[in-house]
Amino acid sequence: MELDCMLKALGEPMRLKIFQALLERKHCVRSLSKKFGISESAISQHMKVMKEAGLVYGEKYGYHTHYLPLQEAVDFLTDQFERMRMASLNVDRDMTVCQCEYRKEGNQE
């Protein structure tokens, strides 16, 4: 799974809204179209991008496909953000000392 691809897909506001709706329950394209007031073809294009990013999958029910978030993707995103959170908690936030690698010890300008 590639974090950058997932974040790029979710970086588009409508796709983020669609993904959040799918976290609540499964939806078909028609349901999402009515919910968000955009065309079914626009929803289909958003779903294609999210499928390619590994965020969602579809289950066929007759002529309709119902979409759900991939649990592995949700777990992966959760893990990545938790790692970022932990890294942020460990950052030395002392603003009195420059921590740039290019500065030599004792050369504090």
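Owing to the predicted nature of the structure, the values given are computational and were not obtained by experimental measurement. Residue numbers count from 1 along this sequence.
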Side-chain heavy atoms of Val56 within contact of Leu22, under 4.5 Å: yes
Donor-acceptor contact below 3.5 Å, side chain Glu12 vs main chain Met14: yes
Contact check, side chains of Lys17 and Phe36, non-hydrogen atoms, under 4.5 Å: yes
Within-4.5 Å side-chain heavy-atom neighbours: Met47 and Ile43: yes
Non-hydrogen atoms of Met6 and Ala73 that approach each other most closely: CE-CB, 3.7 Å
Test item: Asp75 and Leu70 side chains (from C-beta on) under 4.5 Å apart, heavy atoms: no
Nearest-0.5 Å distance that lies between atom NE2 in His66 and atom CZ in Arg30: 10.5 Å
His27 and Tyr67: CA distance, side-chain angles, deciding distance, ring pair (Phe, Tyr, Trp, His ring centres under 6.0 Å) verdict: CA-CA 5 Å; His27 286 273; Tyr67 291 95; over 10 Å; no
Heavy-atom side-chain proximity of Lys26 to Pro69 below 4.5 angstrom: no
Check against side-chain contact (heavy atoms from CB on, under 4.5 Å), Arg15 and Phe19: CA-CA 6 Å; Arg15 283 196 286 271; Phe19 190 72; over 6 Å; no
For the student: nearest non-hydrogen atoms of Ser39 and Ser33, plus distance: C-OG, 3.7 Å
Path from Phe76 to Leu68 over hydrophobic side-chain contacts below 4.5 Å: no
Sole residue of Val49, Ile18, Leu77 in side chain to side chain contact (heavy atoms under 4.5 Å, CB included) with Leu10: Leu77
Flag for Thr78-Arg83: side-chain donor and acceptor within less than 3.5 Å: no
Straight-line distance of Glu72 CD to Asp79 CG, nearest 0.5 Å: 13.5 Å
Minimum heavy-atom distance between Ala53 and Cys5, given as atom pair plus value: CB-O, 3.8 Å
Validation row: Leu32, Ile38 side chains within 4.5 angstrom (heavy atoms): no
Hydrophobic cluster identity match, Tyr57 and Leu23, side-chain contacts under 4.5 Å: no
Spacing of Lys34 atom NZ and Cys28 atom SG [to the nearest 0.5 Å]: 9.5 Å
